[in-house]
Amino acid sequence: MAATGIYDEKLRFSIVLALTADSPDRDLLWQQDERGRHLGMTRAEIKAARQGLSFDHRSAKAIALALACRAGSSRRQRGEALRAGIDAQACAIIERLAGEAAPWSSFERKQNET
């Protein structure tokens with residue numbers, strides 16, 4: 001996955017879903033469901049992303065890297081992402097995205113404004 005691959009809207013949004021899955025903001029979760037459907041995601045894909053998973057191997061590694069970054073232990077996941085074909089620049093973008101993902105609602109609103 002080239003660095004531009006992280007800009008794939010569906011993958012970026014899957015990462016956001018994983019990072020905000022524990023949000024107490026029910027309106028945010030509903031808005032995310034709507035946005036996911038607008039992007040062509042199935043309910044199963046949305047549910048998987050919220051569980052930190054994906055049906056696509058590289059996307060799953062990207063999501064795992066983001067979640068590991070949020071937890072402060074990304075070294076192993078970064079290596080796995082690199083081995084899965086995600087380049088170092090894309091890993092850096094994912095790590096930055098993970099760092100920006102809190103608090104939930106302000107992050108999602110910021111993403112919707114751009």
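Basis for what follows: all heavy atoms, side chains included, without hydrogens, waters or symmetry-related copies.
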Identify, with sequence neighbours excluded, every residue that meets side-chain contact (heavy atoms from CB on, under 4.5 Å) alongside Ala71. Ser73
Residues in side-chain contact (heavy atoms from CB on, under 4.5 Å) with Glu80, at least two apart? Lys61, Arg76, Gln77, Arg83
Result of checking Arg43, Arg50, Gln51 against Lys47 for side-chain contact (heavy atoms from CB on, under 4.5 Å): Gln51
Nearest 0.5 Å, please: how far is [atom2] in [Y] from [atom1] in [X]?
| X | Y | atom1 | atom2 | answer |
| --- | --- | --- | --- | --- |
| Arg96 | Glu100 | CZ | CD | 5.0 Å |
| Leu65 | Ile15 | CG | CD1 | 8.0 Å |
| Leu29 | Glu34 | CG | CD | 12.5 Å |
| Thr42 | Glu45 | OG1 | CD | 3.5 Å |

Treating Ile, Leu, Val, Met, Phe, Trp and Tyr as nodes and any side-chain heavy-atom pair under 4.5 angstrom as an edge, say whether Ile46 and Leu39 lie in one connected cluster. yes
Does some side-chain heavy atom of Ile63 sit less than 4.5 Å from a side-chain heavy atom of Leu67? yes
On a heavy-atom basis, which atom in [X] and which in [Y] lie closest, and how many Å separate them?
| X | Y | result |
| --- | --- | --- |
| Leu82 | Ile86 | CD2-O, 3.2 Å |
| Cys69 | Ser74 | SG-CB, 3.4 Å |
| Gly85 | Arg58 | O-NH1, 4.1 Å |
| Ser14 | Met41 | OG-CE, 3.5 Å |
| Ala48 | Phe55 | CB-CE1, 4.2 Å |

So that I can tick it off, tell me whether Lys10 and Asp56 are bridged by a salt bridge, with the cut-off set at under 4.0 angstrom between side-chain N and carboxylate O. no
Donor on one side chain, acceptor on other, Thr20 and Gln32, under 3.5 Å: yes
With sequence neighbours excluded, what pairs up with Arg78 under the side chain to side chain donor-acceptor pair (under 3.5 Å) test? Glu95
